[in-house]
Amino acid sequence: MGFSAAQALTEVLESWEKRLVSVRGECGYLDGALGKVAKEMGETDGKVEKSVRSVDSGERR
């Protein structure tokens with residue numbers, strides 16, 4: 001009984017190790033992809049802000 005329990009725990013451990021490797025890979029991919037999107041959005045936001053500031057709204061205070 002003890003050996004089969006140890007074997008089952010080993011299988012569970014190996015299964016979780018494989019899952020964690022997969023999750024780490026996905027996190028690495030998402031880090032790069034989301035970083036790229038954030039950079040692009042930041043550049044877009046800056047361009048929009050600059051173009052909006054260049055528009056004369058006609059309001060005088």
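All values below come from the heavy atoms of this structure, side chains included, with hydrogens, waters and symmetry mates left out.
- Using a 4.5 Å cut-off between side-chain heavy atoms of Ile, Leu, Val, Met, Phe, Trp and Tyr, with links allowed through other members, Y29 and L34 fall into the same hydrophobic cluster.
- Looking only at distances, no side-chain donor or acceptor of S15 sits under 3.5 Å from a matching main-chain atom of E11.
- In this structure, L13 and E17 have side chains that are in contact, with non-hydrogen atoms separated by less than 4.5 Å.
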- Message: Working note: K18 + E14, criterion salt bridge (charged side-chain N to carboxylate O under 4.0 Å, His left out); need CA distance, chi angles, decisive distance, verdict.
- Response: CA-CA 6 Å; K18 288 177 184 177; E14 290 171 355; 6.0 Å; no
- Please assess K39 against E43 for the test salt bridge (charged side-chain N to carboxylate O under 4.0 Å, His left out), listing each intermediate value before the final yes or no. CA-CA 6 Å; K39 182 179 183 303; E43 291 171 357; 2.4 Å; yes
